[in-house]
A.B. asks: 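Please see the structure below; I have some questions.
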Amino acid sequence: MSPQAATDRVSAAVVYERGAQRLHDAITAVCDPHASFADRVQAALRAALALLAADPDLARLLTVEPYLDDDDTFLRYQHWKKHYGALLRRAAAESPEASTNPPFVEPALIGGLRSQIAHRVLVGETNRLEDLLPGFTEFLLAYYRSGAPSGLTQVRNDPQGTRQPSSQRPGIRARR
Amino acid sequence: MRLPRTPNDISTIPSNGARSAATNGSSGTHSLPRGRRRTPAELVANNQRQHLISGVGKALGQHGYGTLTVARVIDAAGVSRTTFYEHFENKRDAVLAAHEDAFERLLFLVLRACNSQHEWPLKLKAGVGATLRFAAEEPDRARLLTLGSLSADRTIWRRLTASRDHFAVLLAAGREHRQGLPIPEVTERALIDGIAALLAAHLADGNAATFSDLEPQLVELVLGPYLGAREAARVARLDLLAGGDSDLLRQR
């Protein structure tokens, strides 16, 4: 690798790191440790989507660029993905209403959400990222609701009223 | 964004001639017979094409998409530059063909595995197992379906997205098992993309032996939104029997 290429890679990684820190600060600023798990998840997602929607370059940097052949940036993305997974796990552990998941779940969920954001960015719909909030919230909470008998049915600001008690969840239907 | 209609069998999947990849066994390439008997030109051409397609996957694994070149593809394929251009216009054209070949192969394997079971959760479990075996046994093809750097090219990225949507549709069949809570629209795509990212990371590590270890985890992950964590974990631990024994599901 030429010195210039090496410098460019370092610069790209530094830029990525700064952007990732901005997102992290935005998310942690709105997370009230005394709020319910569902509200914390929703607040974090809302803050993240709002920040990325307001700054398309940042959205592209954090969701698309890590996959474009720069190993350093990709490794940093993986680091942050694990970090957010750990935050999610910790928030769930602190909440009596939330169940816990095996450790592989959170990174996969966060990776899936990143990909959906990247999709919007790539089709030029970064300004519509906040539309993803209800779906993202429900998608994540489903994994923490499942093992609990009730709990995560109370999310404030749930305009669609989509939540129902977990007791209504079906098991596998036997073959007729 | 709505998912496309469900592909019920592989005959509904568009083909540009790479259909043989789905049915010709795992490697997709063959050694031509030696001796005086002349080999039909079409067979030679198909063989060369398969070598090139295989070469695309190998070269992608080594270099990623951004630094992939025709020279690297023909080097990995062991064919001449002239041969490359007899089959493909450029690097993107070759990658698109290789992607379609990989997609058809995986879809064939997944549908075959799913059809060996009767109940949707077990179909899904079988499909996940088939996907992991595919990734372990055919990593070059698997890369063509999971490699994130392919999104650098808008045309390839669209094709990648469309192929993942086919698998998302298969997954969405589980919605009828969810009688209480509605499942957000983003679920299937997020799960498929999450799995693809996970497989890409394992492929990058180059440790094929660990793929089978992922099966219970992925089954639990994917079934979770539809069946709930407890039931998903239980199904993930079940052993599948050939022919699909749904009595297993009654063991609570």
Side-chain angles (χ1 to χ4, degrees), chain A residues 63-71 74 77-78 81 99-105 107-116 118-123 125 132 134-148 153 160 162-176, chain B residues 1 63-67 118-122 147-152 154 157-158 161 164 176-187 189-198 200-201 204 214 216-218 220-221 224-235 246-247 249-250 252:
Chain A
T63 64
V64 178
E65 296 294 333
Y67 278 91
L68 302 186
D69 284 351
D70 181 339
D71 290 342
F74 182 72
Y77 160 70
Q78 296 287 355
K81 188 166 73 170
S99 61
T100 55
N101 289 297
F104 61 87
V105 168
L109 298 181
I110 292 166
L113 296 186
R114 179 215 62 84
S115 180
Q116 301 315 298
H119 182 95
R120 287 270 169 120
V121 172
L122 286 166
V123 298
E125 294 181 353
L132 295 170
F136 274 21
T137 306
E138 284 296 321
F139 175 68
L140 280 187
L141 290 182
Y143 283 87
Y144 298 90
R145 173 193 301 125
S146 305
T153 57
Q160 297 182 339
T162 53
R163 297 185 176 281
Q164 297 175 34
S166 58
S167 58
Q168 293 184 19
R169 283 180 284 105
I172 298 172
R173 292 187 299 186
R175 187 166 55 126
R176 294 185 189 93
Chain B
M1 285 178 290
H63 306 290
Y65 184 74
T67 53
H118 298 301
E119 301 282 353
W120 178 78
L122 295 187
L147 203 62
S149 65
L150 293 172
S151 62
R154 185 61 64 93
W157 172 74
R158 284 204 187 96
T161 302
R164 288 185 186 176
E176 67 181 71
H177 293 264
R178 184 62 143 175
Q179 295 171 341
L181 290 166
I183 295 172
E185 200 172 299
V186 71
T187 300
R189 282 188 168 123
L191 285 174
I192 295 293
D193 285 342
I195 290 171
L198 201 149
L214 291 174
Q217 299 178 4
L218 289 188
E220 190 175 340
L221 176 76
Y226 305 96
L227 305 181
R230 204 167 294 150
E231 187 66 3
R234 193 185 70 80
V235 174
S246 63
D247 286 343
L249 293 173
R250 299 194 182 109
R252 304 283 177 178

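In what follows, every chain begins at residue 1, and chains take the letters A, B, ... in the order their sequences are listed.
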A.B. asks: Where is the tightest heavy-atom contact between A:A108 and B:L198, given as atom of each residue plus distance?
C.D. replies: CB-CD1, 4.4 Å
A.B. asks: Over all heavy atoms of both residues, which pair between B:P184 and A:E138 is shortest? Give the atoms and the distance, please.
C.D. replies: CG-CB, 3.5 Å
A.B. asks: Determine yes or no for a side-chain-to-main-chain donor-acceptor pair under 3.5 angstrom, with B:R189 supplying the side chain and A:S115 the backbone.
C.D. replies: no
A.B. asks: Under the rule for side-chain contact (heavy atoms from CB on, under 4.5 Å), what residues qualify as partners of B:L147, not counting sequence neighbours?
C.D. replies: B:L60, B:S149, B:L150
A.B. asks: So, for A:F104 and B:Q217, which heavy atoms are closest and what is the spacing to 0.1 Å?
C.D. replies: CE1-O, 2.9 Å
A.B. asks: Rounded to the nearest 0.5 Å, what's the gap from CG on A:L109 to CG on B:D193? Could you check?
C.D. replies: 12.5 Å
A.B. asks: Chain A heavy atoms under 4.5 Å from B:R154: which part of the residue, side chain, backbone, both or neither?
C.D. replies: side chain
A.B. asks: For the residue pair B:L191 and A:Y143, what are the closest heavy atoms and their distance?
C.D. replies: CD2-OH, 3.1 Å
A.B. asks: Take A:N101 and B:L221, measure what side-chain contact (heavy atoms from CB on, under 4.5 Å) needs, and give me the verdict at the end.
C.D. replies: CA-CA 9 Å; A:N101 289 297; B:L221 176 76; over 6 Å; no
A.B. asks: Which residues pass the ring pair (Phe, Tyr, Trp, His ring centres under 6.0 Å) test with A:F136, sequence neighbours left out?
C.D. replies: none
